[in-house]
Each structure stands twice: as C-alpha cells, then as structure tokens.
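Encoded as structure tokens, the structure appears first; notes follow it.
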Amino acid sequence: MNKKPIFVIGSISIDNTLFTKALPTAGTTTIADQYFCNVGGKGINQACAAHFLGANVSFFGAIGKDKNGEIVKEFIAKQGLNAKFLESDQPTGVAFIILEESTAENRILIVQGANNCISINDVKSNEKMFQKDGIFLTQFENNQQETEFAIKFAKEKGMTVVVNPAPIKPFSDEYFAYIDYIIPNEHELESLTGEQDPELGAKKLLAKGVKNVIVTLGEKGSLFANDKQVIKQNPYKVKAIDTTAAGDSFIGAFVSKLSENADIKQCLDFASKASSITVTRKGAIVSLPKLKEVK
C-alpha cells in the first residue's frame with residue numbers, strides 16, 4: 001500500500017502522573033495511590049500513535065540538554081520512530097497530571113521549557129520534510145508564532161494540514177483557512193467558538209475557512225462535519241482507567257488511516273477503536289496500541 005508521509009512538529013515532555021481517589025481541595029493534603037512517570041507530550045504521543053499503526057511518520061521537536069532530554073532520546077530510539085530533536089538550553093518540558101480514579105478524568109499542568117524554543121528558522125531548516133501531497137500534523141504546545149508559520153508553510157507546500165488546537169491559545173483567524181482538518185475536544189471547541197453544541201461549534205469553524213472539523217467527545221464518541229455532511233461516530237464501550245493520551249491516540253490513528261487514502265468513516269472508526277484501547281491502560285506512549293491490536 002502506498003502511504004502518504006506524515007510529518008509532525010510538536011511537543012515532548014516528561015509526564016508525571018498521580019492517581020488519586022479524590023482531588024485535593026484548597027489548603028488540604030491528599031494521599032495519592034500511585035505515581036507514574038513516562039515520556040509524553042501531545043506531539044510525540046500523536047507521532048508515536050500513527051507510527052505504531054504502520055504509518056510513515058517523521059517527527060521534529062525540542063528537548064533540553066539535561067537528563068530528561070537523554071531519557072527522551074533513548075526512549076524514542078527504542079520505539080523506532082524517525083525523530084529529529086532540537087537540543088535547547090531550556091530544560092526538557094514536563095507535565096504534571098492528576099488523574100481521578102473514579103472518573104478516569106485528568107487535570108494537566110505543563111511547563112513548556114524547550115518546547116517553546118522552536119523558531120521559524122527551525123521550521124525552515126526542515127523544509128525537505130514538508131513533502132507535497134503528504135500530511136502535516138501539529139498542536140499548540142510549542143511556540144505559537146512558529147506553529148502558525150508551520151501551518152501556513154505546510155499548506156503552501158501542498159500538504160494536507162491537520163491541527164489539534166490544544167492547549168488552547170490565541171490563534172489568528174487568518175490561519176484557519178490553511179487547515180484541512182481541525183480536531184479539538186468539546187472544551188477546546190467551546191473556547192474557539194463560544195458554542196457548547198458540537199454541531200454549532202463545528203459550523204462556526206467551517207465558516208472561518210477550515211475544510212473539515214472533528215470534535216472528540218470522550219465517552220460520547222466524536223463528530224465530523226464539513227460543508228457537505230455531518231457524521232456522528234459512536235464510541236467503543238470500555239472501562240477507562242486513564243484518559244491521558246486518548247485524544248492523541250485518536251488523532252494519530254486518524255492521520256494514519258488518512259495517509260492510506262481511506263474514506264472519512266473508516267478513518268473515524270479506526271481512530272475510535274485505537275483510543276478505546278488506549279484508555280484501558282496507564283500512561284501516554286506506553287498505552288498506545290499497535291496495528292494488530294486495532295485490527
């Protein structure tokens with residue numbers, strides 16, 4: 001099968017996860033049940049998700065010249081992902097995740113560190129990776145000026161541009177027109193459009209120039225919309241224990257299937273399957289499924 005190449009520019013972090021039965025309230029101390037540390041970050045998670053599912057993926061991101069940076073390089077090398085790292089004087093990014101065991105929902109704080117150091121010149125230095133008819137994927141965990149430039153640059157090179165607008169940051173309206181697929185969750189959609197209703201929010205993004213909108217809705221599945229159709233994708237019912245990389249798994253699986261020229265319904269179903277497996281496991285990259293599992 002002739003698969004389109006996927007190029008990801010995105011974030012990398014060391015994820016520190018605490019599992020707790022109850023979240024602490026102001027001025028109180030709560031005993032956590034378990035601590036888990038692993039490599040994560042939306043960019044590298046999504047790149048690995050697509051890579052594990054058989055896609056032709058290349059990744060570019062930034063790490064620090066520190067112990068965490070060495071951990072990242074060693075871990076990613078073991079995954080077999082084609083990855084290039086900018087080594088910054090800033091520390092490797094870190095994330096602190098509190099996961100409430102009763103709901104499997106998480107709350108995340110991020111220190112961007114080196115992730116904020118990728119410049120427009122760094123994007124230009126990777127020009128050969130912006131292949132015509134390939135797929136470009138990015139998120140909002142890096143320097144926003146660089147991210148906006150990369151989105152426009154990829155579209156000018158003839159790529160299909162996929163954007164996960166997370167975490168939400170101010171985003172210039174002019175760049176929506178360069179996006180082929182935008183994939184927010186329902187909270188991010190509301191921040192972008194002011195709409196709680198997924199269909200109404202999707203219509204507002206389409207009106208801004210985005211070609212296709214996919215809203216991930218957690219246990220309610222997902223919704224796809226463009227100017228021709230609306231598709232509601234039902235979820236695969238599982239018992240979730242950690243939702244940390246659910247969205248990343250969905251997006252990585254989606255672009256993996258998209259790179260095979262599959263139709264939109266196949267892409268959505270494949271992504272839903274992959275994310276349903278991810279939430280039954282703890283961690284980020286270590287929770288992502290391989291192709292044989294999703295099949």
Side-chain angles (χ1 to χ4, degrees), residues 1-6 8 42 45-57 104-105 133-139 160-166 179-189 197-199 201-203 205-206 210-281 284-295:
M1 182 186 299
N2 187 23
K3 299 179 182 180
K4 295 179 179 179
I6 299 167
V8 183
K42 292 183 186 301
N45 288 352
Q46 292 171 22
C48 283
H51 168 63
F52 292 163
L53 295 170
N56 175 15
V57 185
E105 294 296 328
D133 298 325
I135 296 171
F136 176 68
L137 171 62
T138 196
Q139 313 78 28
T160 296
V161 176
V162 182
V163 175
N164 172 215
I179 300 174
D180 294 287
Y181 295 87
I182 193 167
I183 312 180
N185 65 24
E186 54 195 319
H187 307 295
E188 292 150 2
L189 180 73
D197 182 275
E199 280 195 52
K203 287 179 180 178
L205 290 180
L206 293 171
V210 176
K211 309 301 185 298
N212 304 277
V213 179
I214 300 168
V215 187
T216 57
L217 302 168
E219 62 182 15
K220 293 177 287 186
S222 59
L223 178 138
F224 169 86
N226 61 19
D227 60 2
K228 297 181 179 65
Q229 61 181 332
V230 173
I231 300 171
K232 294 181 180 179
Q233 172 67 40
N234 291 325
Y236 285 83
K237 297 292 186 180
V238 295
K239 181 174 175 53
I241 64 169
D242 184 354
T243 59
T244 300
D248 297 332
S249 178
F250 182 99
I251 293 164
F254 177 82
V255 296
S256 173
K257 206 67 178 173
L258 190 67
S259 74
E260 299 173 5
N261 295 308
D263 67 40
I264 191 63
K265 289 183 179 180
Q266 289 176 310
C267 293
L268 293 171
D269 183 67
F270 189 71
S272 185
K273 281 183 183 177
S275 61
S276 72
I277 295 170
T278 298
V279 299
T280 65
R281 303 166 176 173
I285 293 172
V286 293
S287 73
L288 300 170
K290 305 299 191 292
L291 182 59
K292 62 182 180 182
E293 296 177 281
V294 182
K295 283 187 172 180

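When all heavy atoms of Val163 and Pro165 are compared, the closest pair comes out as O-CD, 3.5 Å. Scanning all heavy atoms of the two residues, the minimum distance from Leu268 to Phe224 falls at CD1-CB, 3.7 Å. Nearest heavy atoms, Lys4 versus Asn261: CE-OD1, 3.2 Å. When all heavy atoms are compared, the tightest approach of Ala274 to Leu53 is CB-CD1, 4.4 Å. Closest heavy-atom contact between Ala284 and Ser287: O-OG, 2.7 Å. Nearest heavy-atom pair across Thr243 and Val279 is CA-CG1, 4.1 Å.
No side-chain heavy atom of Ser222 sits under 4.5 Å from any side-chain heavy atom of Ser272. Contact of the Leu189 side chain with the Leu205 side chain is registered, since non-hydrogen atoms from C-beta on lie closer than 4.5 Å. For the pair Glu260 and Gln266, the minimum side-chain heavy-atom distance is 4.5 Å or more. Ile264 is listed as a side-chain neighbour of Tyr181, based on a closest heavy-atom distance under 4.5 Å. Here the side chains of Gln139 and Val8 are in contact, with some heavy-atom distance below 4.5 Å.
To the nearest 0.5 angstrom, Ser256 atom OG is 13.5 Å from Ile251 atom CD1. Between Ile183 atom CD1 and Phe254 atom CZ the span is 5.5 Å, to the nearest 0.5 Å. Rounded to the nearest 0.5 angstrom, Ser276 OG and Phe250 CZ are separated by 11.0 Å. A distance of 13.0 Å separates CG in Asn234 from NZ in Lys220, rounded to the nearest 0.5 Å. Lys257 NZ to Lys3 NZ: the interatomic distance, rounded to the nearest 0.5 Å, is 8.5 Å. In this structure, Glu105 CD and Glu219 CD are separated by 7.5 Å, a value rounded to the nearest 0.5 Å.
The pair Asp269-Lys273 counts as a salt bridge, with a side-chain nitrogen and a carboxylate oxygen less than 4.0 angstrom apart. Taking a cutoff of 4.0 Å between a charged side-chain nitrogen and a carboxylate oxygen, Lys290 and Glu293 do not qualify as a salt bridge.
Remark: the backbone N or O of Ala271 is paired with a side-chain donor or acceptor of Ser275 at under 3.5 angstrom. In terms of modelled atom types and a separation under 3.5 Å, the side chain of Lys42 and the main chain of Asn164 share no donor-acceptor contact. Under a 3.5 Å cut-off, the side chain of Glu188 and the backbone N or O of Asn185 do form a donor-acceptor pair.
Of the candidates Thr278, Asp248, Thr244, Asp248 is the only one forming a side-chain hydrogen bond (donor to acceptor under 3.5 Å, both in side chains) with Asn45. The residue from Asp180, Leu137, Thr138 that alone fulfils the side-chain contact (heavy atoms from CB on, under 4.5 Å) condition with Val161 is Asp180.
No more than 12 heavy atoms of other residues, nucleotides or ligands shown are found within 6.0 angstrom of NZ on Lys203. The number of heavy atoms from other shown groups lying within 6.0 Å of CG (Asn2) does not exceed 12.
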